Every structure is written in structure tokens, then in C-alpha cells.
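Data block below; observations after.
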Amino acid sequence: MNKIGRAVLVAALASSLAVTPALAAPSTTELENQKAAASEEAESLQEQLTELITKIGSMEEKLIETGEKIIQAEADLEEAEEKAEEQYESMKLRIQYMYENGQVSSLEILVSATDFSDLINKAEYVQNVHTYDRQKLEELEETEAEIKELKE
């Protein structure tokens, strides 16, 4: 039975091969069309690659600019912090001086005037001291605001 089974199997295979159509080789027009399509696709991919390279270059430039801005901001921050420290120390020194020498009120200074011109001079002095103190305090506040902005 073994021989009969083999014979049937061989006959089935032979008949299936005979029925299978043979694939014909593609014509030259088909090959040329395929070649043209492949060329168009290659050109399209090349254009996309060029666009991507251009975008990468642009992004690198922006990254460099941003890095430079960060470096500059860090330098500005350090400078502003030093300036704030100097201003703070100056204010502390002024307050220490006022405390150690006894702060005389503006009214006491004006009342101690000996004549009208002395009163005018002392009033101007009081105004100048007040303006100076206020200006230094505002400068310190501005510097601290600048530091906060630079940190952000």
C-alpha cells in the first residue's frame, strides 16, 4: 500500500504543477514605469531629507542663541546679586550710623535753627537726607525685582 500511496502523491503533485500558470517576465514598459516611479520616490525622499536638514540647522541655531541668552542671564543675575549685596550693606551701615549716633528727628533739626537762613539750610539738609534714603531703598527694591526676574 505504501507504493500505491506514493504513486498517488506523485501523480497529484505532477498534476498541480501542470495546472499552475507560468509567470511571464515583465515587459520593458513595466520595468521603465517601475524605474520612473522609484526615481520619483527617491527625489521626494531627497526633498524631505533636505527640508529636515534645514530644520535641524535652524533648530541648532535657536538652541545656540538660547544657550547664549541663558549664559548672559546667569552673568546678569550674578552681577545683580552682588549689586544687591552692596546696596544692602550700605543700607545696614546707614542704619547702624543712625542708631549709634542717635537719630535726631527732622523736627528737632528744624527747631534748633538759629535764624531763617539756618532753618532753610537745615530743611534742605533734611530733605536731601530723606531723598537719598528713599532713593537707595528704591534702588535696592529694583535690584531685588531684577534678581527675581532673572531667576525666572
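Here the structure is a predicted model, which means the values were calculated and not measured.
- Note: Ile71 CD1 to Thr66 OG1 = 11.0 Å, rounded to the nearest 0.5 Å.
- Using a 4.5 Å heavy-atom cutoff, the side chains of Val129 and Asp133 are in contact.
- Ile56 CD1 to Glu61 CD: the interatomic distance, rounded to the nearest 0.5 Å, is 12.5 Å.
- Residues Met91 and Lys136 meet the side-chain proximity criterion, which asks for heavy atoms closer than 4.5 Å.
- Here the closest heavy-atom approach between residue Leu140 and residue Ala84 is recorded as CD1-O, 3.7 Å.
- Here Thr50 contributes atom OG1 and Leu45 contributes atom CG; the two are 10.5 Å apart, rounded to the nearest 0.5 Å.
- Atom CG of residue Asp76 and atom CD1 of residue Ile147 lie 11.5 Å apart, to the nearest 0.5 angstrom.
- Within a 6.0 Å sphere centred on CD of Glu79, other residues, nucleotides and ligands contribute 12 heavy atoms or fewer.
- Salt bridge annotation for Glu86-Lys83: absent, with no cationic side-chain nitrogen under 4.0 angstrom from a carboxylate oxygen.
- The only option from Gln46, Glu40, Gln48 that meets the side-chain contact (heavy atoms from CB on, under 4.5 Å) definition with Ser44 turns out to be Gln48.
- Looking at Glu138 and Arg134, a side-chain N of the basic residue comes within less than 4.0 Å of a carboxylate O on the acidic one, giving a salt bridge.
- Using a 4.5 Å heavy-atom cutoff, the side chains of Glu60 and Glu65 are not in contact.
- Using modelled atom types and a 3.5 Å distance limit, the side chains of Glu139 and Thr143 yield no donor-acceptor pair.
- To the nearest 0.5 Å, the span separating NZ on Lys35 from OG1 on Thr28 amounts to 12.0 Å.
- Expressed to the nearest 0.5 Å, how far OG of Ser27 lies from CG of Asn33 amounts to 8.0 Å.
- The salt bridge (charged side-chain N to carboxylate O under 4.0 Å, His left out) check on Glu89 picks up Lys92, with sequence neighbours excluded.
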